[in-house]
Engineer: 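This is the structure I want to talk about, given as C-alpha coordinates.
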Amino acid sequence: MDPASEPIEHQEEERAGPVTIQSLRPNILRYIFSFLSVQHYDYLNHRIRTIHNHLGPVSLVCKSWNAIASPLLWQERNFHGWNAGELLETFIQQTENADFSSTHEYGDFVKRIEIIDSHDVVDKQNGQFVINWITPDVVLALSEHCSRRLRDLTLVFATGPQLSNEVEEGLIPWNALAEACRRLSMLTLTNYICPVLPVGNGHPFHVFATHTNPLTELVLKRCKSIPSETFQQLARTCGKALTKLVLLDSDDNLGATEMIEFAKHCPNLRHLNVSWFESFEAKFNDEALIELTTNCLRLEYISLLDANQISDLSFQTLAKLRYLRNLILPRAGTTETGMAFSQESLIAVAKSCRRLEQLHLVAPGATSSKFFEALLFCPNLQVLVIVELAQSLLMDQRFKSLGLAKYVDPETTEGYKLVWHKKT
(Lines give C-alpha, C1' and ligand atoms only; values in the text may rest on other atoms or scores of the structure.)
Protein backbone atom coordinates (compact mmCIF):
# COMPACT_ATOMS: atom_id res chain seq x y z
CA MET A 1 0.00 0.00 0.00
CA ASP A 2 1.30 3.40 -0.95
CA PRO A 3 2.26 5.38 2.16
CA ALA A 4 0.86 8.51 0.55
CA SER A 5 -2.57 6.93 0.47
CA GLU A 6 -2.63 6.16 4.21
CA PRO A 7 -4.70 8.43 6.47
CA ILE A 8 -2.84 11.35 8.00
CA GLU A 9 -3.67 10.14 11.52
CA HIS A 10 -1.90 6.79 10.94
CA GLN A 11 1.17 8.52 9.52
CA GLU A 12 1.43 10.75 12.59
CA GLU A 13 1.09 7.73 14.93
CA GLU A 14 3.93 5.90 13.16
CA ARG A 15 6.22 8.93 13.37
CA ALA A 16 5.38 9.45 17.07
CA GLY A 17 6.02 5.81 17.95
CA PRO A 18 4.04 3.57 20.28
CA VAL A 19 2.21 5.06 23.27
CA THR A 20 3.89 3.99 26.53
CA ILE A 21 3.51 4.95 30.18
CA GLN A 22 6.45 7.32 29.75
CA SER A 23 4.68 9.27 27.02
CA LEU A 24 1.60 10.08 29.08
CA ARG A 25 1.01 13.63 30.17
CA PRO A 26 1.61 14.57 33.84
CA ASN A 27 -2.09 15.18 34.50
CA ILE A 28 -2.93 11.68 33.22
CA LEU A 29 -0.20 10.13 35.38
CA ARG A 30 -1.46 12.07 38.38
CA TYR A 31 -4.94 10.69 37.74
CA ILE A 32 -3.58 7.13 37.51
CA PHE A 33 -1.60 7.59 40.74
CA SER A 34 -4.76 8.74 42.50
CA PHE A 35 -6.04 5.15 42.41
CA LEU A 36 -3.21 4.23 44.81
CA SER A 37 -4.51 6.65 47.44
CA VAL A 38 -6.72 5.66 50.36
CA GLN A 39 -9.77 7.61 51.54
CA HIS A 40 -9.86 7.88 55.33
CA TYR A 41 -12.69 9.50 57.30
CA ASP A 42 -11.45 11.46 60.31
CA TYR A 43 -14.24 11.08 62.87
CA LEU A 44 -12.68 13.53 65.32
CA ASN A 45 -12.53 16.37 62.81
CA HIS A 46 -15.49 15.30 60.61
CA ARG A 47 -13.64 15.33 57.32
CA ILE A 48 -12.35 12.92 54.67
CA ARG A 49 -8.58 12.68 54.26
CA THR A 50 -6.72 11.30 51.26
CA ILE A 51 -3.61 9.30 52.20
CA HIS A 52 -0.88 8.72 49.59
CA ASN A 53 1.46 6.46 51.58
CA HIS A 54 1.47 3.81 48.82
CA LEU A 55 3.22 6.15 46.37
CA GLY A 56 6.67 5.48 47.85
CA PRO A 57 7.69 2.80 45.30
CA VAL A 58 6.18 4.87 42.48
CA SER A 59 8.46 7.80 43.30
CA LEU A 60 11.53 5.56 42.78
CA VAL A 61 10.69 4.44 39.22
CA CYS A 62 12.10 7.39 37.29
CA LYS A 63 12.67 11.13 37.52
CA SER A 64 9.40 12.11 35.84
CA TRP A 65 7.34 9.86 38.12
CA ASN A 66 9.21 11.16 41.14
CA ALA A 67 8.33 14.74 40.21
CA ILE A 68 4.63 13.82 40.22
CA ALA A 69 4.51 11.42 43.18
CA SER A 70 6.70 13.35 45.65
CA PRO A 71 4.32 16.32 46.15
CA LEU A 72 1.48 13.88 46.86
CA LEU A 73 3.60 11.67 49.10
CA TRP A 74 4.90 14.54 51.21
CA GLN A 75 1.80 16.70 51.51
CA GLU A 76 0.76 15.04 54.80
CA ARG A 77 3.20 14.10 57.58
CA ASN A 78 2.10 12.29 60.76
CA PHE A 79 4.39 11.63 63.73
CA HIS A 80 3.10 9.51 66.60
CA GLY A 81 4.03 6.29 68.37
CA TRP A 82 7.22 4.99 69.87
CA ASN A 83 9.40 5.93 66.86
CA ALA A 84 7.91 9.38 66.31
CA GLY A 85 11.00 11.15 67.62
CA GLU A 86 13.32 9.39 65.17
CA LEU A 87 10.98 9.98 62.23
CA LEU A 88 10.52 13.63 63.16
CA GLU A 89 14.28 14.17 63.43
CA THR A 90 14.82 12.55 60.02
CA PHE A 91 12.05 14.67 58.50
CA ILE A 92 13.56 17.90 59.84
CA GLN A 93 17.01 16.94 58.53
CA GLN A 94 15.57 16.23 55.08
CA THR A 95 13.82 19.60 54.96
CA GLU A 96 16.88 21.49 56.24
CA ASN A 97 19.33 19.85 53.79
CA ALA A 98 17.01 19.75 50.79
CA ASP A 99 19.22 22.03 48.70
CA PHE A 100 22.26 19.78 49.03
CA SER A 101 21.14 16.16 49.37
CA SER A 102 17.96 15.76 47.31
CA THR A 103 16.23 16.73 44.10
CA HIS A 104 13.31 18.47 45.85
CA GLU A 105 12.70 20.90 48.67
CA TYR A 106 10.38 18.50 50.45
CA GLY A 107 9.26 21.06 53.02
CA ASP A 108 7.55 23.01 50.24
CA PHE A 109 5.25 20.04 49.53
CA VAL A 110 3.94 19.72 53.10
CA LYS A 111 0.34 20.85 53.60
CA ARG A 112 -0.57 19.07 56.84
CA ILE A 113 1.51 18.10 59.90
CA GLU A 114 0.34 16.12 62.93
CA ILE A 115 2.62 15.53 65.92
CA ILE A 116 1.49 13.55 68.97
CA ASP A 117 3.71 13.39 72.04
CA SER A 118 4.39 9.82 73.08
CA HIS A 119 2.86 8.26 76.19
CA ASP A 120 4.47 4.87 75.55
CA VAL A 121 8.13 5.69 76.16
CA VAL A 122 9.50 5.75 79.71
CA ASP A 123 11.17 8.98 80.80
CA LYS A 124 13.73 7.63 83.29
CA GLN A 125 14.36 11.02 84.91
CA ASN A 126 10.91 11.31 86.49
CA GLY A 127 9.55 7.80 85.93
CA GLN A 128 6.60 8.97 83.82
CA PHE A 129 5.46 7.61 80.48
CA VAL A 130 5.89 10.94 78.68
CA ILE A 131 8.29 12.09 76.00
CA ASN A 132 8.02 15.57 74.51
CA TRP A 133 8.50 15.55 70.75
CA ILE A 134 6.94 19.03 70.45
CA THR A 135 9.78 21.34 71.43
CA PRO A 136 10.54 24.98 70.56
CA ASP A 137 13.27 23.83 68.17
CA VAL A 138 10.86 21.54 66.30
CA VAL A 139 8.21 24.26 65.92
CA LEU A 140 10.87 26.74 64.80
CA ALA A 141 12.17 24.28 62.19
CA LEU A 142 8.65 23.73 60.87
CA SER A 143 8.10 27.48 60.55
CA GLU A 144 11.39 27.87 58.65
CA HIS A 145 11.26 24.91 56.25
CA CYS A 146 7.58 23.92 55.90
CA SER A 147 5.88 27.29 55.79
CA ARG A 148 5.28 27.69 52.06
CA ARG A 149 2.16 25.50 51.77
CA LEU A 150 1.40 24.45 55.35
CA ARG A 151 -2.35 24.76 55.89
CA ASP A 152 -3.23 22.30 58.66
CA LEU A 153 -1.23 21.92 61.90
CA THR A 154 -2.13 19.51 64.71
CA LEU A 155 -0.09 19.40 67.92
CA VAL A 156 -1.09 16.99 70.70
CA PHE A 157 1.02 17.69 73.77
CA ALA A 158 1.64 15.10 76.46
CA THR A 159 -0.55 15.29 79.56
CA GLY A 160 2.52 15.11 81.80
CA PRO A 161 5.10 17.81 82.48
CA GLN A 162 5.84 20.06 79.52
CA LEU A 163 8.82 22.27 78.94
CA SER A 164 9.23 25.20 81.31
CA ASN A 165 6.88 28.09 80.70
CA GLU A 166 8.88 30.51 82.83
CA VAL A 167 12.08 30.88 80.81
CA GLU A 168 12.25 32.24 77.30
CA GLU A 169 14.08 29.17 75.97
CA GLY A 170 11.15 26.96 76.91
CA LEU A 171 8.45 28.93 75.08
CA ILE A 172 6.94 27.67 71.84
CA PRO A 173 7.83 30.25 69.12
CA TRP A 174 4.27 31.00 68.08
CA ASN A 175 5.31 34.37 66.66
CA ALA A 176 7.64 32.71 64.13
CA LEU A 177 4.88 30.30 63.15
CA ALA A 178 2.40 33.14 62.59
CA GLU A 179 4.81 35.21 60.51
CA ALA A 180 6.10 32.37 58.32
CA CYS A 181 3.01 30.19 57.72
CA ARG A 182 0.81 32.65 55.85
CA ARG A 183 -1.36 29.86 54.39
CA LEU A 184 -2.15 28.26 57.74
CA SER A 185 -5.92 27.90 57.96
CA MET A 186 -6.54 24.98 60.37
CA LEU A 187 -5.01 24.74 63.85
CA THR A 188 -5.61 21.97 66.41
CA LEU A 189 -4.01 22.07 69.86
CA THR A 190 -4.55 19.45 72.57
CA ASN A 191 -3.28 19.54 76.18
CA TYR A 192 -1.37 22.77 75.58
CA ILE A 193 -0.47 24.69 78.75
CA CYS A 194 -0.25 28.35 77.86
CA PRO A 195 2.47 30.29 79.74
CA VAL A 196 1.20 32.54 82.52
CA LEU A 197 2.56 35.87 81.31
CA PRO A 198 1.18 39.40 80.95
CA VAL A 199 -0.89 39.70 77.79
CA GLY A 200 0.90 41.83 75.23
CA ASN A 201 3.85 41.70 72.88
CA GLY A 202 5.68 39.34 75.23
CA HIS A 203 2.97 36.69 75.36
CA PRO A 204 3.81 34.18 72.57
CA PHE A 205 0.35 32.73 71.98
CA HIS A 206 -1.33 36.14 72.11
CA VAL A 207 1.15 37.33 69.47
CA PHE A 208 0.12 34.35 67.34
CA ALA A 209 -3.56 35.23 67.83
CA THR A 210 -2.82 38.77 66.63
CA HIS A 211 -0.66 38.08 63.58
CA THR A 212 -1.77 34.69 62.27
CA ASN A 213 -3.50 34.21 58.97
CA PRO A 214 -7.31 34.13 59.46
CA LEU A 215 -8.14 30.55 60.40
CA THR A 216 -11.04 28.58 58.96
CA GLU A 217 -10.89 25.91 61.70
CA LEU A 218 -9.78 26.38 65.31
CA VAL A 219 -9.75 23.38 67.66
CA LEU A 220 -8.51 23.72 71.26
CA LYS A 221 -8.93 20.62 73.45
CA ARG A 222 -8.02 20.60 77.14
CA CYS A 223 -5.83 23.67 76.75
CA LYS A 224 -5.13 25.52 79.99
CA SER A 225 -4.37 29.12 80.97
CA ILE A 226 -5.18 30.73 77.62
CA PRO A 227 -6.03 34.36 78.55
CA SER A 228 -9.54 35.63 77.86
CA GLU A 229 -7.99 38.49 75.85
CA THR A 230 -6.37 35.89 73.58
CA PHE A 231 -9.71 34.19 72.92
CA GLN A 232 -11.21 37.57 71.99
CA GLN A 233 -8.25 38.38 69.74
CA LEU A 234 -8.61 35.04 67.96
CA ALA A 235 -12.25 35.89 67.26
CA ARG A 236 -11.30 39.24 65.76
CA THR A 237 -8.39 37.85 63.74
CA CYS A 238 -10.28 34.89 62.27
CA GLY A 239 -13.41 36.90 61.54
CA LYS A 240 -15.50 35.80 58.59
CA ALA A 241 -13.00 33.09 57.64
CA LEU A 242 -13.80 30.91 60.69
CA THR A 243 -16.26 28.10 59.91
CA LYS A 244 -15.41 25.56 62.64
CA LEU A 245 -14.82 26.30 66.34
CA VAL A 246 -14.15 23.55 68.89
CA LEU A 247 -13.30 24.53 72.49
CA LEU A 248 -13.42 21.38 74.61
CA ASP A 249 -12.74 21.16 78.36
CA SER A 250 -11.82 24.83 78.61
CA ASP A 251 -10.88 26.47 81.88
CA ASP A 252 -12.23 29.55 83.64
CA ASN A 253 -10.79 32.04 81.12
CA LEU A 254 -13.41 31.10 78.52
CA GLY A 255 -16.86 32.44 79.28
CA ALA A 256 -19.91 34.11 77.83
CA THR A 257 -17.99 37.29 76.97
CA GLU A 258 -15.54 35.37 74.80
CA MET A 259 -18.30 33.36 73.10
CA ILE A 260 -20.17 36.58 72.31
CA GLU A 261 -17.01 37.89 70.61
CA PHE A 262 -16.86 34.79 68.41
CA ALA A 263 -20.56 35.16 67.57
CA LYS A 264 -20.12 38.84 66.63
CA HIS A 265 -16.98 38.52 64.50
CA CYS A 266 -17.47 35.05 62.93
CA PRO A 267 -20.82 35.09 61.08
CA ASN A 268 -19.86 32.18 58.79
CA LEU A 269 -19.60 29.60 61.56
CA ARG A 270 -20.89 26.17 60.53
CA HIS A 271 -19.64 23.97 63.38
CA LEU A 272 -19.61 24.90 67.10
CA ASN A 273 -18.59 22.53 69.90
CA VAL A 274 -17.94 23.98 73.37
CA SER A 275 -17.52 22.47 76.84
CA TRP A 276 -15.80 23.28 80.13
CA PHE A 277 -13.84 21.38 82.75
CA GLU A 278 -16.14 19.68 85.24
CA SER A 279 -14.71 21.78 88.09
CA PHE A 280 -15.82 25.03 86.41
CA GLU A 281 -19.32 26.36 86.09
CA ALA A 282 -20.72 26.50 82.57
CA LYS A 283 -20.50 29.96 81.04
CA PHE A 284 -22.71 29.69 77.95
CA ASN A 285 -25.83 31.69 78.77
CA ASP A 286 -28.88 33.21 77.06
CA GLU A 287 -27.05 36.30 75.87
CA ALA A 288 -24.37 34.23 74.11
CA LEU A 289 -26.89 31.93 72.42
CA ILE A 290 -29.08 34.84 71.23
CA GLU A 291 -26.00 36.54 69.76
CA LEU A 292 -25.09 33.28 68.06
CA THR A 293 -28.50 32.69 66.50
CA THR A 294 -28.67 36.33 65.39
CA ASN A 295 -25.33 36.51 63.58
CA CYS A 296 -24.41 32.91 62.66
CA LEU A 297 -27.44 31.87 60.63
CA ARG A 298 -25.65 29.16 58.66
CA LEU A 299 -24.79 26.99 61.65
CA GLU A 300 -25.12 23.26 60.94
CA TYR A 301 -23.66 21.70 64.10
CA ILE A 302 -24.13 22.90 67.69
CA SER A 303 -22.88 20.93 70.69
CA LEU A 304 -22.89 22.66 74.09
CA LEU A 305 -22.09 19.87 76.52
CA ASP A 306 -22.37 22.04 79.64
CA ALA A 307 -24.95 24.57 78.53
CA ASN A 308 -27.10 24.50 81.68
CA GLN A 309 -27.56 28.29 81.68
CA ILE A 310 -29.78 28.29 78.59
CA SER A 311 -33.44 29.07 79.21
CA ASP A 312 -36.49 28.94 76.98
CA LEU A 313 -35.92 32.61 76.11
CA SER A 314 -32.84 31.82 74.03
CA PHE A 315 -33.73 28.25 73.08
CA GLN A 316 -36.68 29.42 70.98
CA THR A 317 -34.29 31.51 68.82
CA LEU A 318 -32.76 28.26 67.49
CA ALA A 319 -35.72 28.13 65.11
CA LYS A 320 -33.87 30.75 63.00
CA LEU A 321 -31.18 28.23 62.05
CA ARG A 322 -32.64 26.69 58.88
CA TYR A 323 -29.44 24.77 58.05
CA LEU A 324 -29.08 23.12 61.47
CA ARG A 325 -28.34 19.37 61.26
CA ASN A 326 -27.07 18.50 64.74
CA LEU A 327 -28.29 20.01 68.01
CA ILE A 328 -26.73 18.55 71.16
CA LEU A 329 -27.72 20.19 74.47
CA PRO A 330 -27.55 17.29 76.95
CA ARG A 331 -27.56 19.46 80.11
CA ALA A 332 -29.84 22.29 79.08
CA GLY A 333 -33.45 22.62 80.17
CA THR A 334 -33.14 20.57 83.37
CA THR A 335 -35.63 20.94 86.19
CA GLU A 336 -32.78 21.56 88.64
CA THR A 337 -31.89 24.89 87.01
CA GLY A 338 -35.52 25.94 86.61
CA MET A 339 -34.95 26.60 82.92
CA ALA A 340 -37.16 23.96 81.33
CA PHE A 341 -38.09 24.49 77.68
CA SER A 342 -41.69 25.15 76.73
CA GLN A 343 -43.67 22.92 74.43
CA GLU A 344 -44.13 25.78 71.95
CA SER A 345 -40.37 26.30 71.64
CA LEU A 346 -39.71 22.61 71.07
CA ILE A 347 -42.35 22.44 68.35
CA ALA A 348 -41.04 25.61 66.69
CA VAL A 349 -37.49 24.20 66.53
CA ALA A 350 -38.72 20.87 65.14
CA LYS A 351 -40.82 22.52 62.42
CA SER A 352 -38.23 25.14 61.41
CA CYS A 353 -35.02 23.07 61.49
CA ARG A 354 -36.13 20.51 58.92
CA ARG A 355 -32.61 19.31 58.15
CA LEU A 356 -32.08 17.91 61.64
CA GLU A 357 -30.21 14.60 61.74
CA GLN A 358 -29.36 14.44 65.46
CA LEU A 359 -31.25 15.95 68.42
CA HIS A 360 -30.19 15.55 72.06
CA LEU A 361 -32.19 17.43 74.71
CA VAL A 362 -33.33 17.46 78.31
CA ALA A 363 -37.02 18.24 78.03
CA PRO A 364 -39.08 17.23 81.07
CA GLY A 365 -42.78 17.88 80.88
CA ALA A 366 -42.77 19.80 77.62
CA THR A 367 -42.14 16.74 75.47
CA SER A 368 -45.59 15.74 74.31
CA SER A 369 -47.35 14.00 71.46
CA LYS A 370 -47.50 17.30 69.56
CA PHE A 371 -43.72 17.55 69.70
CA PHE A 372 -43.32 14.11 68.13
CA GLU A 373 -45.82 15.09 65.45
CA ALA A 374 -43.66 18.14 64.71
CA LEU A 375 -40.61 15.88 64.30
CA LEU A 376 -42.28 14.44 61.22
CA PHE A 377 -41.13 17.66 59.50
CA CYS A 378 -37.54 16.32 59.90
CA PRO A 379 -37.29 13.44 57.39
CA ASN A 380 -33.49 13.12 57.85
CA LEU A 381 -33.64 12.53 61.61
CA GLN A 382 -31.25 9.70 62.53
CA VAL A 383 -30.68 10.01 66.29
CA LEU A 384 -33.03 11.37 68.94
CA VAL A 385 -32.13 11.45 72.66
CA ILE A 386 -34.49 12.90 75.28
CA VAL A 387 -33.68 12.82 78.98
CA GLU A 388 -36.22 13.04 81.83
CA LEU A 389 -39.06 11.87 79.65
CA ALA A 390 -42.44 11.20 81.21
CA GLN A 391 -43.35 7.51 81.55
CA SER A 392 -46.70 7.99 79.82
CA LEU A 393 -44.95 8.89 76.56
CA LEU A 394 -42.88 5.71 76.39
CA MET A 395 -45.81 3.87 74.78
CA ASP A 396 -46.77 6.66 72.40
CA GLN A 397 -47.57 5.19 68.98
CA ARG A 398 -46.13 8.21 67.20
CA PHE A 399 -42.66 6.79 67.78
CA LYS A 400 -43.37 4.23 65.08
CA SER A 401 -44.23 6.93 62.56
CA LEU A 402 -40.73 8.39 63.01
CA GLY A 403 -39.20 5.13 61.84
CA LEU A 404 -36.85 5.06 64.84
CA ALA A 405 -36.06 2.17 67.18
CA LYS A 406 -36.32 3.14 70.83
CA TYR A 407 -34.17 2.22 73.79
CA VAL A 408 -34.83 3.12 77.42
CA ASP A 409 -31.70 3.71 79.50
CA PRO A 410 -32.02 1.45 82.56
CA GLU A 411 -29.53 3.49 84.60
CA THR A 412 -31.74 6.55 84.89
CA THR A 413 -33.64 6.85 88.17
CA GLU A 414 -35.32 10.26 88.35
CA GLY A 415 -36.65 10.30 84.80
CA TYR A 416 -36.66 8.15 81.69
CA LYS A 417 -33.90 8.58 79.13
CA LEU A 418 -35.13 7.59 75.71
CA VAL A 419 -32.71 6.97 72.85
CA TRP A 420 -33.83 6.44 69.25
CA HIS A 421 -31.72 5.51 66.27
CA LYS A 422 -32.63 5.02 62.66
CA LYS A 423 -33.66 1.47 61.81
CA THR A 424 -31.32 -0.29 59.40
Side-chain angles (χ1 to χ4, degrees), residues 41 43 46-48 242-246 262-263 266-274 284 286 288-305 307 310-333 339-390 393-394 396-407 417-424:
Y41 185 77
Y43 287 93
H46 303 281
R47 70 165 72 101
I48 297 177
L242 191 64
T243 59
K244 180 178 179 179
L245 178 63
V246 177
F262 278 107
C266 308
N268 294 324
L269 267 179
R270 303 289 195 277
H271 184 112
L272 177 65
N273 191 351
V274 183
F284 208 98
D286 284 340
L289 185 58
I290 291 175
E291 193 72 35
L292 191 70
T293 56
T294 301
N295 296 328
C296 307
L297 297 178
R298 300 188 69 85
L299 272 166
E300 299 177 4
Y301 184 101
I302 298 179
S303 176
L304 307 176
L305 298 182
I310 295 178
S311 69
D312 187 69
L313 176 65
S314 61
F315 178 80
Q316 60 185 346
T317 63
L318 290 170
K320 300 178 182 178
L321 306 179
R322 308 292 182 177
Y323 298 94
L324 193 61
R325 298 179 183 272
N326 295 271
L327 178 60
I328 305 174
L329 303 176
R331 297 185 183 180
M339 296 183 177
F341 304 143
S342 66
Q343 176 178 283
E344 291 75 13
S345 298
L346 288 168
I347 294 175
V349 170
K351 288 185 176 181
S352 300
C353 305
R354 300 189 178 187
R355 303 187 183 188
L356 276 176
E357 298 175 359
Q358 182 176 0
L359 180 61
H360 189 165
L361 295 174
V362 180
T367 308
S368 62
S369 299
K370 293 183 179 180
F371 171 64
F372 294 112
E373 288 180 357
L375 287 177
L376 295 175
F377 288 90
C378 306
N380 298 323
L381 190 62
Q382 301 288 330
V383 179
L384 176 61
V385 180
I386 297 182
V387 184
E388 297 187 19
L389 188 69
L393 290 174
L394 292 177
D396 197 302
Q397 295 299 317
R398 290 171 178 80
F399 297 151
K400 297 182 180 180
S401 61
L402 292 175
L404 301 172
K406 60 181 179 179
Y407 161 73
K417 179 179 179 180
L418 201 56
V419 182
W420 289 282
H421 60 85
K422 196 71 174 180
K423 293 180 180 179
T424 57

Engineer: For a quick test of reading the model, state the closest non-hydrogen atom pair linking Cys378 to Ala350 and the distance between them.
Structural biologist: SG-O, 3.2 Å
Engineer: For Leu359 and Leu375, run side chain to side chain contact (heavy atoms under 4.5 Å, CB included): C-alpha distance rounded to whole Å, both residues' side-chain angles, the deciding distance at 0.1 Å, then the answer.
Structural biologist: CA-CA 10 Å; Leu359 180 61; Leu375 287 177; 4.2 Å; yes
Engineer: Using side-chain heavy atoms (C-beta onward) and a distance below 4.5 Å, is His271 in contact with Glu300?
Structural biologist: no
Engineer: Please evaluate residues Lys320 and Ser352 with respect to the criterion side chain to side chain contact (heavy atoms under 4.5 Å, CB included), reporting the C-alpha separation (whole Å), side-chain torsions for both, the decisive distance (0.1 Å), and the verdict.
Structural biologist: CA-CA 7 Å; Lys320 300 178 182 178; Ser352 300; over 6 Å; no
Engineer: Would you name the heavy atoms of Leu324 and Tyr301 that are closest together and state the gap between them?
Structural biologist: CD1-N, 4.1 Å
Engineer: Looking only at non-hydrogen atoms, find the nearest pair between Ala319 and Val349 and report the distance.
Structural biologist: N-CG2, 4.2 Å
Engineer: Determine, stepwise, if the pair Phe262 / Val274 fulfils side chain to side chain contact (heavy atoms under 4.5 Å, CB included).
Structural biologist: CA-CA 12 Å; Phe262 278 107; Val274 183; over 6 Å; no
Engineer: So do Leu318 and Leu329 actually touch side chain to side chain, heavy atoms under 4.5 Å?
Structural biologist: yes
Engineer: Do Thr317 and Thr294 come close enough that some side-chain heavy atom pair is under 4.5 Å?
Structural biologist: no
Engineer: Atom SG in Cys353, atom CG in Asn326: separation rounded to 0.5 Å?
Structural biologist: 11.5 Å
Engineer: Please confirm whether Arg354 makes a cation-pi placement over Phe377, using NZ or CZ under 6.0 Å from the six-membered ring centre and within 45° of the ring normal.
Structural biologist: no
Engineer: What are the two closest non-hydrogen atoms of Leu297 and Leu321, and how far apart are they?
Structural biologist: CA-CD2, 3.9 Å
Engineer: Please name all residues satisfying side-chain hydrogen bond (donor to acceptor under 3.5 Å, both in side chains) with Glu291, sequence neighbours left out, ordered by chain then number.
Structural biologist: Asn295
Engineer: How long is the span from the CG atom in Leu269 to the NZ atom in Lys244, to the nearest 0.5 Å?
Structural biologist: 12.0 Å
Engineer: Taking only residues two or more places apart in sequence or in another chain, which ones pass salt bridge (charged side-chain N to carboxylate O under 4.0 Å, His left out) with Glu357?
Structural biologist: Arg325
Engineer: Take Asn268 and Leu242, measure what side chain to side chain contact (heavy atoms under 4.5 Å, CB included) needs, and give me the verdict at the end.
Structural biologist: CA-CA 6 Å; Asn268 294 324; Leu242 191 64; over 6 Å; no
Engineer: Just verifying a value: how many Å separate Ser345 OG and Phe371 CZ, rounded to the nearest 0.5 Å?
Structural biologist: 11.0 Å
Engineer: If you look at every heavy atom in Gln343 and Lys370, which pair is closest and at what distance?
Structural biologist: NE2-CD, 3.8 Å
Engineer: Working to the nearest 0.5 Å, report the span between CD1 of Ile302 and CZ of Phe284.
Structural biologist: 7.5 Å
Engineer: Where do Gln358 and Leu381 come nearest, in terms of heavy atoms and distance?
Structural biologist: N-CD1, 4.2 Å
Engineer: Got Asn380 and Leu356 here, is their nearest side-chain heavy-atom distance under 4.5 Å?
Structural biologist: no
Engineer: To the nearest 0.5 Å, what is the distance between CD (Glu344) and CD (Gln316)?
Structural biologist: 9.5 Å
Engineer: Out of curiosity, Leu245 CG to Asn273 CG, how far, rounded to the nearest 0.5 Å?
Structural biologist: 9.0 Å
